[in-house]
Amino acid sequence: MKAKVYVTLKPSVLDPQGKAIKHSVELLGYNGIDDIRQGKYFEIALESGLNEDNARTEATRMAREILSNPIIEDFRVEIEK
């Protein structure tokens, strides 16, 4: 079983790296982009004996306590069997 954790800046937080990426993409000729926001992605391999509810609980706890800064970042957890 695998947990996927997506961490992104909260919408109210300025994202200068995302702005720089957007600018670079536009310089390469891509058009029609309103905004780009960057973030972090984690894949966590979990023991096979863990049930889905416990896996989600553990991954959510890791995301909240270690993988993200809850003051400026949001996170989303997906469990893949």
Side-chain angles (χ1 to χ4, degrees):
M1 187 176 301
K2 185 185 299 182
K4 296 179 177 180
V5 179
Y6 302 85
V7 179
T8 57
L9 290 169
K10 291 183 176 182
S12 61
V13 175
L14 185 64
D15 181 3
Q17 186 174 357
K19 297 287 184 212
I21 294 167
K22 178 181 180 285
H23 179 70
S24 295
V25 167
E26 289 171 336
L27 288 176
L28 291 172
Y30 294 94
N31 298 310
I33 300 167
D34 279 338
D35 194 19
I36 294 179
R37 306 232 353 133
Q38 56 82 38
K40 299 178 275 189
Y41 170 69
F42 301 90
E43 281 188 3
I44 304 166
L46 300 164
E47 292 180 1
S48 59
L50 213 56
N51 72 40
E52 188 170 337
D53 288 340
N54 287 344
R56 183 175 304 283
T57 299
E58 288 298 307
T60 300
R61 191 171 139 228
M62 282 186 268
R64 184 183 321 106
E65 294 178 358
I66 298 168
L67 303 177
S68 71
N69 178 345
I71 295 171
I72 62 169
E73 295 174 321
D74 291 326
F75 64 87
R76 174 172 51 98
V77 174
E78 294 178 0
I79 302 297
E80 182 179 291
K81 294 180 184 175

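Sequence positions, counted from 1, serve as the residue numbers for this chain. Note: hydrogens, waters and symmetry copies are ignored here, and every other heavy atom, side chains too, is used.
- Between the side chain of Ser68 and the main chain of Val7, no donor-acceptor pair closer than 3.5 Å is present.
- In the hydrophobic clustering of ILVMFWY residues, with side-chain heavy atoms under 4.5 Å counting as a link, Ile44 and Tyr41 come out apart.
- Rounded to the nearest 0.5 angstrom, Arg64 CZ and Asn69 CG are separated by 13.5 Å.
- The side-chain heavy atoms of Arg37 and Leu9, taken from C-beta on, include a pair separated by under 4.5 Å.
- Residue pairs meeting the side-chain hydrogen bond (donor to acceptor under 3.5 Å, both in side chains) criterion with at least one partner in residues 51-60, sequence neighbours excluded, are Glu52-Lys81.
- Side chains of Asn31 and Glu26: a donor-acceptor N/O pair is absent below 3.5 angstrom, by distance only.
- Of the possible polar contacts, one joining the Lys10 side chain to the Pro70 backbone as a donor-acceptor pair under 3.5 Å is found.
- Enclosure of atom CD1 in Ile71 is not indicated, since only 12 or fewer non-hydrogen atoms of other residues, nucleotides or ligands lie within 6.0 angstrom.
- Annotation for Glu47: atom CD does not count as buried by contact number, only 12 or fewer foreign heavy atoms lying within 6.0 Å.
- Looking at Asp34 and Lys22, no side-chain N of the basic residue comes within less than 4.0 Å of a carboxylate O on the acidic one, giving no salt bridge.
- A salt bridge links Lys4 to Glu80: at least one charged side-chain nitrogen sits closer than 4.0 Å to a carboxylate oxygen.
- Considering all non-hydrogen atoms of both residues, Ala55 and Leu50 come closest at CA-CD2, 3.8 Å.
- Listed for the Asp15 side chain is a donor-acceptor partner under 3.5 Å among the backbone atoms of Gln38.
- Under a hydrophobic-cluster definition in which Ile, Leu, Val, Met, Phe, Trp and Tyr are linked whenever side-chain heavy atoms come within less than 4.5 Å, directly or via other members, Leu27 and Ile33 are assigned to different clusters.
- Note on Phe75: it does not cluster hydrophobically with Tyr6, by side-chain heavy-atom contacts below 4.5 Å among ILVMFWY residues.
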Task: Verdict with reasoning, Ile79 to Met1, per side-chain contact (heavy atoms from CB on, under 4.5 Å) - done: CA-CA 7 Å; Ile79 302 297; Met1 187 176 301; 3.7 Å; yes
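- With contacts defined as side-chain heavy-atom distances shorter than 4.5 Å, the pair Lys19/Ile36 does not qualify.
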